[in-house]
Structure formats: C-alpha cells, structure tokens
2 protein chains.
Amino acid sequence: MSGTNVTIKDIARKLGVSPSTVSRALKDHPEISPKTKKVVTELANLLGYKPNEIALSLRSKKTKVIGLIIPEIVHHFFSSVISGIEEIAIEEGYNVMIFQSNESYTREVLNTQGLYANRVDGLLVSLAKETKNYEHFRNLQKHEVPIVFFDRICEGLKTDRVIVDDYGGAFEAVEHLIHSGYKKILHLSGSRDLLIGRNRINGYKDALEDNGLQVDENLVVPCDNYETALQITGDIIDMHPGVDAIFAVNDFTAIGAMKAVKKKGRKVPDDIAIMGFTNGISATLTDPTLSSVDQHGTEVGKEATRLLLKRLKEGELTEDHTPQTRVVRTDLVVRESTTRK
Amino acid sequence: MSGTNVTIKDIARKLGVSPSTVSRALKDHPEISPKTKKVVTELANLLGYKPNEIALSLRSKKTKVIGLIIPEIVHHFFSSVISGIEEIAIEEGYNVMIFQSNESYTREVLNTQGLYANRVDGLLVSLAKETKNYEHFRNLQKHEVPIVFFDRICEGLKTDRVIVDDYGGAFEAVEHLIHSGYKKILHLSGSRDLLIGRNRINGYKDALEDNGLQVDENLVVPCDNYETALQITGDIIDMHPGVDAIFAVNDFTAIGAMKAVKKKGRKVPDDIAIMGFTNGISATLTDPTLSSVDQHGTEVGKEATRLLLKRLKEGELTEDHTPQTRVVRTDLVVRESTTRK
DNA sequence: TTGAAAGCGCTAACAT
DNA sequence: ATGTTAGCGCTTTCAA
C-alpha cells in the first residue's frame with residue numbers, strides 16, 4: 001500500500017472529467033455515454049486500477065470479510081472446515097480472517113475484539129475448550145454482528161448452529177461392529193462435559209440396546225487421546241477379557257488403542273476390531289487401515305458459511321428470524337481394522 | 001457492523017466537546033487536561049467504544065493486515081507455519097488474512113488480487129506447484145507491497161525468503177542411517193523440478209559419499225506420496241535385494257513404503273529401516289513409530305513474519321535493502337523405524 | 001450526460 | 001487546552 005496506487009481521482013484528472021463520472025463509468029452506470037465509459041475503462045485497465053476496498057468498506061459499512069475463530073488449525077477436522085468456509089466465502093465475494101483461540105478463553109476474547117475492530121460482517125466460531133462465559137459473543141451480537149457456531153457450539157446463546165451428527169455417527173459405527181459379529185464393545189469416550197462426548201456415548205449405548213446387547217458402564221472409559229489410549233488399553237482388555245471390539249471417540253485414540261492391542265499380541269481385526277471417529281488422513285496410514293466415521297469437515301464449513309451469508313443478506317431486509325440448527329450427516333468408512341478376513 | 005456502533009463523534013456530542021478532543025484524549029495526548037481525559041475515557045468504556053480500524057486504515061494507508069497465500073491448509077507443515085505466523089503477527093498488532101491457492105496458479109492470481117484490493121500491508125507466500133509465471137507478484141511489488149516467500153520460494157523474484165535446510169536435514173538423516181549400520185539406502189525422492197526435491201537428493205548423495213559409500217543412481221526413485229510408495233516399494237526392494245534402508249522425501253511416502261515393506265514380510269527396522277521427512281503427527285502414530293526430520297514449520301512461519309515486519313518498519317525509513325534469505329535448521333528425530341533392537 | 005458536494009470515522013495541521 | 005478544517009478513496013444525492 002503506497003503512493004503508487006491508482007485512484008479514481010488520478011483517472012479523472014488525466015481524463016479531465018470528474019471523479020463521479022469515473023466512478024459511474026466503471027460501474028457501467030446507464031447515464032454515462034458509451035464513449036466516456038470506453039475511455040475510462042481503458043485508462044483504468046492501463047493503469048491497473050483496483051478499487052480500494054478499505055474506502056468502500058468505510059462508506060458501505062460492509063467489509064465483505066467474515067471472521068473465523070477456531071481452536072486449532074493444526075487439526076485435520078478444523079483445517080478441512082476452513083477449506084469449506086473459504087470455498088463458499090470466495091464464491092460470494094467474501095474474504096476470511098482467521099484467528100486461533102488455541103483453546104484459550106483469554107485468547108478467544110482478544111480474537112473477538114480484533115475481529116470487531118476490523119468490522120467483520122459476520123463471525124464463524126468453534127468454541128475453545130476453556131470457554132464457559134459468553135459475554136464477548138453477546139457483545140458482538142449487540143453490535144448486530146451475526147454469529148454462526150459450528151461443531152463446538154454455544155448452548156447459552158441464540159445463534160445459528162451447525163453440528164455434526166455425533167449420535168448418528170456413533171450409532172452407525174457401533175451397529176456396524178455388531179453386524180460384523182463383535183459382541184463386547186469397549187468405548188473409549190470423550191468427556192461427558194462436552195455435548196459431542198455425550199452424544200457419541202448415547203449413540204454407542206443405543207446401538208447396543210437396539211441390537212439386543214446389554215450396556216456395561218464399565219466398558220465406557222473416558223480416554224480421548226493417543227498417549228492415554230496407548231497406556232491404558234492393554235490393562236483394560238486384560239480386565240475385561242471378552243472385549244472383541246473398541247470404538248474410540250476419535251482417530252488418534254483409536255490408533256493408540258490399536259497399537260496397545262497389537263503390543264498385547266492380539267490381532268486387529270481378527271481378535272479385536274478397532275473403530276475411530278473423524279476419518280482424518282491418519283486413518284488411511286495405519287496398519288491395518290482404520291475404519292472410521294467421516295465428519296465431513298468441509299461440509300460443516302460450507303454449511304456454516306451458507307447460514308452466515310444468508311443471515312447477512314436477510315439482515316438488510318427482514319427482522320430477526322429464529323435461530324437455525326443444521327445437522328451434517330456423518331459417513332461410516334469401513335477399512336481393514338473392522339473387516340475380518 | 002451496524003448503526004449501533006459508537007463513534008468518536010457520538011462521544012464528543014454527549015460530552016459537548018469536539019471530536020478531535022476525544023480522539024486526543026483517547027490516545028493520551030499531552031495537551032489534553034487530565035480531567036477531560038478522565039471523562040472521555042470513562043464514557044468511551046461505558047459505551048464500549050472501539051476504534052474503527054477501517055477508518056484508521058483509510059487514513060494511515062496501513063491496514064495492519066498481512067496476507068498469506070498457502071497451497072493447502074490441510075497439511076501439517078503448512079498449518080504449523082500458520083500458527084507461527086499468527087503468533088508473531090498478533091504480538092505486533094497485525095492480523096492475518098489467509099488464502100489457499102489449492103496448488104492452482106489461477107487461484108493464486110485471484111488471491112493476490114483479493115489481497116491487493118484489501119490493501120494488505122505485506123504478503124507471505126508459499127508457491128502453488130503449478131506456478132511458473134510470477135507477474136502477479138511483480139505487480140504487488142510495483143505497488144510496494146513487500147513479499148516474503150517461504151518453503152516454496154520464487155527464484156525469479158527479488159524478495160526475502162525463508163527456507164528449510166533441506167540439504168542439511170537429508171544429510172543428517174542419511175548419515176544417521178549409515179552410522180546405524182545400514183549400507184544400501186534407497187531414496188524415494190521428490191521432483192527434481194522443485195528446489196526442495198533437488199536439495200534433499202543432494203543431501204542424500206553427499207552423506208553417502210562423505211561416508212565412503214557409492215551413490216547408485218538407480219536407488220534414487222521419484223516417488224513423493226503414500227499411494228505410489230505403497231505400490232512400487234515392494235517391487236523396488238525385489239529388484240535391489242540388498243536394500244536395507246529407505247529414506248523418503250516426506251512422511252506419507254515413508255509410511256507407504258513402511259507398509260509395503262511389512263507386506264513383503266520384511267521387518268522394520270531389523271531388515272529395512274525407514275526414515276521420513278516432515279515429522280508430522282503421523283510419524284508418531286505408525287507401528288513402528290517413524291524416524292523423521294523435523295522441518296520446524298512454526299519456526300519457518302515465525303521467521304518469515306519477522307522478516308516481513310522488519311521490512312514494513314524499514315520501508316518507512318530507508319531505501320530498499322538487498323533481499324535476505326533465512327535458513328531454518330531441521331532436527332533429526334529418531335524413533336523406532338531406524339533403531340535396531 | 002456530467003459535475004459539485006457531502007459524508008463514511010478518524011486524525012493532524014493549523015488555528016484560537 | 002481545545003476547536004476547526006481538511007482529507008484518506010469512494011459513492012450518491014442533488015443540481016446543472
């Protein structure tokens with residue numbers, strides 16, 4: 001950004017017309033003579049004129065920028081969400097400003113302030129784990145900035161939401177295990193504090209019951225990461241000898257469990273089947289490859305962006321509508337870890 | 001963004017003072033009376049006043065935004081680069097606007113246009129694979145937008161650069177294999193069209209020669225992804241029976257090779273050692289875990305941002321300096337795949 | 001068909 | 001110590 005930038009004034013001066021004429025000519029205004037239009041556009045091209053979005057924003061009070069607050073980019077699910085967001089945003093002429101909360105509440109508050117200062121038109125958010133207080137979002141809402149939460153949604157706030165069908169995904173995954181002949185299924189679960197953790201547990205339980213199997217609370221063990229899974233899975237299968245399948249709350253946990261099982265000399269999937277949740281790249285890299293539940297991160301991002309842009313368009317015309325919640329369906333991806341030869 | 005936003009004018013009106021007084025009071029200008037300052041800041045806080053960055057940008061011709069063009073976010077190296085960039089940028093009061101090229105030249109050109117329209121203060125770029133023509137970047141330079149390339153740098157342009165020490169990383173990795181007793185080392189290589197591919201090949205060769213081993217060109221096989229590695233590695237080790245180690249151009253390729261080797265019934269690392277490059281999360285998930293060369297993505301991002309911000313500060317004071325190139329050192333991370341028991 | 005003027009929110013000379 | 005004015009780049013009434 002510098003003195004070398006061409007403005008409408010520059011073009012006007014060189015052509016001996018007024019800035020307003022140039023402005024109108026450039027937008028193909030009907031009341032400008034074809035001749036003027038031609039001269040103006042030609043010179044504009046020659047000089048490489050590009051409208052200054054900053055000036056446009058100041059006038060229109062629209063920045064054509066949407067803000068994104070995300071816990072961590074270095075995570076396959078979230079980075080695929082970003083790709084989805086970008087795709088839709090760019091189609092509609094919006095740009096995306098991304099902030100990471102790094103799972104920190106303080107950082108998240110700073111992020112909202114930064115995004116407000118930059119007057120983003122709307123906001124997409126997946127909550128930091130730490131966040132319990134939603135005042136910073138309520139503030140944005142006071143300023144009429146529409147917010148759409150996705151995945152880690154905010155239950156205390158009236159906003160649009162996009163969530164993954166965690167219950168359905170878990171249900172389908174566990175049912176697949178049962179139909180494949182596995183009977184005693186361990187669930188390495190997420191936190192019951194998180195909605196997604198509870199939903200997956202419920203999907204697991206209902207799948208068992210719907211298929212005439214009994215739920216054993218001892219087989220629901222909180223464990224949501226690779227290291228812990230690697231440490232404790234061996235002991236758990238010793239304690240519960242009949243376990244013939246493991247359903248983990250995410251891929252990394254599943255992979256930790258897989259390694260622990262192999263270390264015990266048990267075969268995957270012949271002795272014990274393993275099922276993940278996320279369907280990140282890692283699922284294809286393990287040996288055996290990991291069956292998993294695809295969360296369609298890209299679709300989540302797209303849907304959230306569509307909702308937000310819809311809200312932005314409506315905002316100009318109508319009253320507040322009631323918040324919407326969209327559920328993105330999951331897909332079971334069966335690979336080697338649940339397929340007995 | 002809406003009518004509910006508080007401006008300096010609003011505060012001025014309510015206090016019966018002029019906007020400039022408010023502006024000065026808010027920035028703790030020495031010529032404003034302490035009393036006025038107090039009243040102004042208090043009301044500002046009460047009303048939740050936040051300066052409109054858009055207006056500031058228009059005036060100062062500085063947006064405090066840096067643009068980022070990256071091939072793909074869904075890639076561990078790049079997402080860790082982003083984290084590094086954000087960290088430094090935020091420290092210095094800058095925000096980041098991220099665009100993905102998706103490896104497409106056309107997209108990259110659009111990205112630069114979007115970033116220019118938004119008058120970013122500077123640009124960080126890692127090139128799309130397709131890109132051979134650099135006119136779009138030259139255009140930005142004409143407008144005095146500083147650019148720093150990282151990792152996939154642009155050799156045809158005078159800019160600052162941050163690169164990974166691919167040569168050194170490859171050298172160290174291969175030397176580690178040799179010192180561990182491996183003698184016939186296959187290299188699954190990157191493209192010789194890419195600088196990083198060539199550098200890693202050279203590191204591989206020099207490590208062999210420096211340790212008194214002969215370079216066999218047949219043992220340098222272009223193969224830079226999981227699927228191909230999985231397909232061809234088996235045949236390669238059949239054709240070259242003595243191969244006792246594989247050095248792959250990236251982790252995914254290494255993991256594909258590892259799986260192929262295991263499928264042949266050969267033990268990793270006892271029969272054949274495997275070494276990756278990247279040190280992404282996947283390296284810790286395989287069985288056995290994968291030795292790899294850490295590229296320090298975060299550090300690359302930080303360094304690139306530091307260079308850019310330095311340039312932005314200098315720009316105000318001095319003439320063009322000669323472009324700088326910074327090399328980020330790699331680190332060898334030894335895990336099970338190269339450690340004979 | 002075109003131009004002049006005002007204003008988006010802010011700041012910084014230049015008054016006073 | 002504070003107010004007035006002009007201007008960043010653009011658009012849009014209103015006037016000609």
Side-chain angles (χ1 to χ4, degrees), chain A residues 1-41 43-44 47-65 116-121 143-144, chain B residues 1-41 43-44 47-65 116-121 143-144:
Chain A
M1 195 143 158
S2 81
T4 56
N5 289 332
V6 185
T7 74
I8 274 189
K9 260 191 183 170
D10 298 331
I11 300 177
R13 204 174 331 109
K14 295 208 182 174
L15 254 36
V17 299
S18 77
S20 24
T21 302
V22 175
S23 170
R24 285 187 273 239
L26 254 19
K27 349 187 67 67
D28 209 19
H29 188 104
E31 286 176 351
I32 296 290
S33 77
K35 213 185 84 190
T36 314
K37 274 182 197 166
K38 189 159 169 280
V39 186
V40 169
T41 47
L43 184 59
L47 300 178
Y49 169 79
K50 286 273 166 1
N52 183 328
E53 294 285 342
I54 306 294
L56 290 175
S57 300
L58 184 59
R59 248 195 78 88
S60 67
K61 301 204 178 200
K62 300 259 174 286
T63 53
K64 287 285 198 169
V65 173
Y116 173 67
N118 282 287
R119 299 298 191 274
V120 294
D121 289 345
H143 291 289
E144 291 173 26
Chain B
M1 194 143 155
S2 82
T4 55
N5 289 333
V6 185
T7 73
I8 274 190
K9 260 192 185 168
D10 298 331
I11 300 177
R13 204 175 330 108
K14 295 206 181 171
L15 254 36
V17 298
S18 80
S20 29
T21 303
V22 175
S23 169
R24 285 187 273 239
L26 256 18
K27 346 186 73 67
D28 208 19
H29 189 105
E31 287 177 349
I32 295 290
S33 77
K35 214 185 84 190
T36 314
K37 275 182 196 167
K38 188 159 171 282
V39 186
V40 169
T41 47
L43 183 59
L47 299 178
Y49 169 79
K50 285 273 165 4
N52 184 327
E53 293 286 342
I54 306 296
L56 290 175
S57 299
L58 184 59
R59 249 195 78 87
S60 67
K61 301 205 179 199
K62 300 259 175 286
T63 53
K64 287 283 196 172
V65 173
Y116 173 66
N118 282 285
R119 298 297 191 274
V120 294
D121 288 345
H143 291 290
E144 290 172 28

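Protein chains get the first letters and strands the later ones, always in sequence-line order, with residue 1 at the start of each.
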Considering only D:dC10, C:dC10, D:dC8, which nucleotide approaches the side chain of B:Leu58 most closely? D:dC8
Side-chain donor/acceptor of A:Lys61 to backbone N/O of A:Arg119, under 3.5 Å: no
To the nearest angstrom, how far is B:Lys61 atom NZ from D:dG7 atom P? 14 Å
At under 4.0 Å between heavy atoms, how does the protein contact nucleotides 11-16 of chain D? Give one character per nucleotide, 5' to 3', with B, S or -. BBB---
Does a side-chain N or O of A:Lys9 approach OP1 or OP2 of D:dG7 to a distance below 4.0 Å, or not? no
What integer distance in Å separates B:Asp28:CG from D:dT2:P? 13 Å
Tell me whether the OP1 or OP2 atom of C:dC8 has a side-chain N or O from A:Lys62 closer than 4.0 Å. no
Quick one: is C:dG9 close enough that its OP1 or OP2 comes under 4.0 Å of any side-chain N or O from B:Thr7? no
Considering only D:dT2, D:dG9, D:dG3, which nucleotide approaches the side chain of B:Val17 most closely? D:dG3
Is B:Thr36 near enough to D:dT2 that one of its side-chain N or O atoms lies under 4.0 angstrom from OP1 or OP2? yes
Nearest-angstrom distance from the residue atom CG of A:Leu26 to P of D:dG9: 15 Å
Nucleotide D:dG7, atom C1' - distance to CD1 of A:Ile54 in whole Å: 17 Å
Given A:Ser18, which of A:Leu15, A:Thr21, A:Val22 fulfils the side chain to side chain contact (heavy atoms under 4.5 Å, CB included) condition? A:Thr21
Apply side-chain contact (heavy atoms from CB on, under 4.5 Å) to B:Thr41 and list each qualifying residue two or more places apart in sequence or on a separate chain. B:Leu26
Tell me, do B:Thr63 and A:Ile54 make a side-chain contact under 4.5 Å, heavy atoms counted? yes
When rounded to the nearest 0.5 angstrom, what is the spacing between CD1 in A:Ile8 and OH in A:Tyr49? 3.5 Å
Whole-Å distance, A:Arg13 CZ to D:dC10 P, equals 12 Å
A:Asn5 vs B:Tyr116, side chain to side chain contact (heavy atoms under 4.5 Å, CB included): CA-CA, chis, key distance, verdict: CA-CA 10 Å; A:Asn5 289 332; B:Tyr116 173 66; 2.7 Å; yes
Side-chain N or O of A:Ser60 versus OP1/OP2 of C:dC8: is the shortest distance under 4.0 Å? no
Tell me: NZ of A:Lys35 to P of C:dT1, nearest whole Å? 12 Å
Determine yes or no for a side-chain-to-main-chain donor-acceptor pair under 3.5 angstrom, with B:Ser23 supplying the side chain and B:Pro19 the backbone. no
Rounded to the Å, how far apart are A:His29 NE2 and D:dC10 C1'? 15 Å
Atom-to-atom span, NZ of A:Lys38 to P of C:dT1 - whole angstrom: 17 Å
